[in-house]
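In what follows, a single structure is set out as structure tokens and then discussed.
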Amino acid sequence: EERESRWAEFLQNDRTKPLMLTEAPAMRFALIRWDKQTWKFLWSVPALLLDGWSWPLVFRDSSWLYQSLVQNLPFDVETVRPYRDYLSWLGKQTASETRDFWRENLKGFTEPTPLPRDAAQLDASGERYVEVALEVSSEATAALKTAARQLQLTLSSLVQGAWALLLSRQSGNADVVFGAAFAGRPADLRGVESIVGPFVNNLPVRMNVNRGATAGEFLRELHGQMLKLSPVQYTPLMEIQQYSEMPWRHRMFDSVVVFQNYLVDDSARTFGTTVKIDDFVGPVHTNYPVMLLAEPGASLQLKLIYDQQALARTTVERWMRDLETILELVPVFIGKRVADLLALLSEPAPAPAEGSIKRKLRSRSQNFVPPQTDMEIAIAGVWQNMFGLERISIEENFFDLGGHSMLLIQMHSRLRELLKLEFPIVTLLEHPSVGSLARHLQQAATPAAANGEKWQDRAARQKEALAKMRSSLKK
């Protein structure tokens, strides 16, 4: 028990140590003796360097290299294409085709599909994101695979379809949008399956849940929609939102589905011929209110990873029971109406209060402090426009108002353009209120001096600001 406790403490401490992307190698290793024959190996690596598809490739090559060292043999590692070849391919893609596709695909979509928000609190673990797990029985999983073959689609389409049905039931909307993770590896780039690097991309999936259709018709339609997205799966989410009618103050979706179907063969489960790799754990992180993670196998494994500040555990557990119901009944509902399947799910929670109304009420409170200086007025004007508020207090916090990463980038761009000032985006993390930002920018150096800031100093400031932001989010 003490050993497990010390290991958990070690992992927690490691998570708090940032990885400096400006210093090679941008990763960290730890090897700890567990007992006579067992070691714990920890590989801390940023997602900027690789995705889930990549790590088995790295382990495979490491295994070959290790065996060569043990036997004193020449290194014999397969030569693969470098990641820069993908970046070159990416640069040759035309924006006009993707722009037209996304504009048509998301036409009329102006708000994310609402999820019920609970007055939730962190549990005893203190972690903001926790999970609820479900193992679909081997019998039910086999029936799902049979149904997928019968419908000529994939198991992932069944899981995504189940989530679309749940989302429609809980939101009350027939037209729903959720995020889905795509491998992002273009089929027309030879050797792309062996490239190590970040390819995975989250895309909005829009589905009309026709209650009069059969479950089989609905699932085939969803599968067809996923096939249409495949050729444009490399499109950055920021570009997609730019092409859509969605205001920047909103995320495009509040839930995302991840189906982990990358190949892990025996070469990634050993180190040479004598060392066996067991109990591999690859933590999955998200900054969306809820993520459905599916791992195929003899028994389908499901996890709902959710933000405790947005959702209560009782709500998420109810959703998981609904997912289990859908997946167990899909094989027998192929020829039956979607409406009949939805009727078996739990009742939707009361509609959440509009975030914009909540923000307006906050702005009208007794704590309202109006902008006064020219700098405060200019910054507050940009915030009002981007958050869709009638007025804004200079003490309001960007993240408390619902600010997210893509909105932060847009805010940075507009402020630089309006104020004719050059300043790093980390400034918005360090000064997340109108008043604080205005005071800082008024004291800031001239644009020329700002451009001369050393990248090392900027990196150190960014690391400190991110740590402060993470700390504030946990409170």
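Values reported hereafter were calculated over all heavy atoms of this structure, with side chains retained and with hydrogens, waters and symmetry mates removed.
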Against Phe199, only a single residue in Trp89, Phe182, Tyr83 fulfils ring-ring contact (aromatic ring centres under 6.0 Å, His included); can you say which? Tyr83
Just wondering, do Glu324 and Met320 contact through their side chains at under 4.5 Å, heavy atoms? no
If I compare all heavy atoms of Pro114 with all of Ser171, which pair ends up nearest, and what's the gap? O-CB, 3.5 Å
More than 12 heavy atoms of other residues, nucleotides or ligands under 6.0 Å from NZ of Lys303: is that the case? no
List the atom of Val192, the atom of Pro186, and the distance in Å for their closest heavy-atom pair. CG1-O, 3.4 Å
State plainly whether the residues Glu347 and Arg169 are in salt-bridge range, i.e. N to O under 4.0 Å. yes
For a quick test of reading the model, state the closest non-hydrogen atom pair linking Ala148 to Leu155 and the distance between them. CB-N, 4.2 Å
When you check the gap from the basic side-chain N to the acidic O, do Asp340 and Arg337 get nearer than 4.0 Å? yes
Could you check whether Tyr234 and Tyr86 have their ring centres less than 6.0 Å apart? no
Verify the distance criterion only: is there a donor paired with an acceptor across the side chains of Arg149 and Thr146 at less than 3.5 Å? yes
Take His404 and Phe399 through the test ring-ring contact (aromatic ring centres under 6.0 Å, His included) and record every step on the way to the result. CA-CA 7 Å; His404 50 85; Phe399 298 101; 9.9 Å; no
To check you understand the geometry: which heavy-atom pair defines the closest contact between Ser255 and Leu115, and what is its length? CB-CD1, 4.3 Å
Counting heavy atoms not belonging to Glu239, are there more than 12 under 6.0 Å from its CD? yes
Would you check if there is a donor-acceptor pair between the side chains of Asp51 and Ser54 at a distance under 3.5 Å? yes
Stacked cation flag Arg251 on Tyr288, 6.0 angstrom / 45 deg: yes
So NZ of Lys40 and CG of Asp279: to nearest 0.5 Å the spacing works out to 6.5 Å
Less than 4.5 Å apart, side chain to side chain, heavy atoms only: is that true for Phe398 and Leu407? yes
Non-hydrogen side-chain atoms of Leu300 and Glu135 separated by less than 4.5 Å: no
Counterpart residues, side-chain contact (heavy atoms from CB on, under 4.5 Å), relative to Val45 (two or more places apart): Met27, Trp43, Leu49, Leu50
Please determine whether a side-chain nitrogen of the Lys or Arg among Arg206 and Asp175 lies less than 4.0 Å from a carboxylate oxygen of the Asp or Glu. yes
Is any side-chain heavy atom of Tyr243 closer than 4.5 Å to one of Thr98? yes
What's the spacing between Asn105 CG and Leu203 CG if we round to 0.5 Å? 10.0 Å
Which atom names give the shortest non-hydrogen contact between Asn397 and Trp383, and what distance separates them? C-CZ3, 4.4 Å
Do Arg185 side-chain atoms and Val200 backbone N/O form a donor-acceptor pair below 3.5 Å? no
Given side chains that start at C-beta, do those of Ile425 and Ile409 come closer than 4.5 Å, heavy atoms only? yes
Is there side-chain contact between Tyr306 and Arg313, with at least one heavy-atom pair below 4.5 Å? yes
For Ser230 and Gln233, which I'm curious about, is there any donor-acceptor pair between the side chains at under 3.5 Å? yes
Pairwise side-chain contact, Leu415 with Phe423, heavy-atom cut-off 4.5 Å (strictly under): yes
If we count only N and O atoms by modelled type, under 3.5 Å, do the side chains of Thr113 and Asn173 hold a donor and an acceptor together? no
Any chance you could measure Asn210, atom CG, to Glu221, atom CD, to the nearest 0.5 Å? 7.5 Å
Partner set under side-chain contact (heavy atoms from CB on, under 4.5 Å) for Lys336, not counting sequence neighbours: Phe333
Please check if any side-chain donor atom of Gln170 sits under 3.5 Å from a side-chain acceptor atom of Arg318, or the reverse. yes
Are Trp102 and Ser244 close enough that a side-chain donor and a side-chain acceptor fall under 3.5 Å? no
In the structure I gave you, are the side-chain heavy atoms of Leu437 and Leu428 within less than 4.5 Å of one another anywhere? yes
Minimum heavy-atom separation for Leu144 and Leu327, please, with both atom names. CD2-O, 3.3 Å
Using a distance-only test with no angle check, is there a side-chain donor-acceptor pair under 3.5 angstrom linking Thr141 and Ser138? no
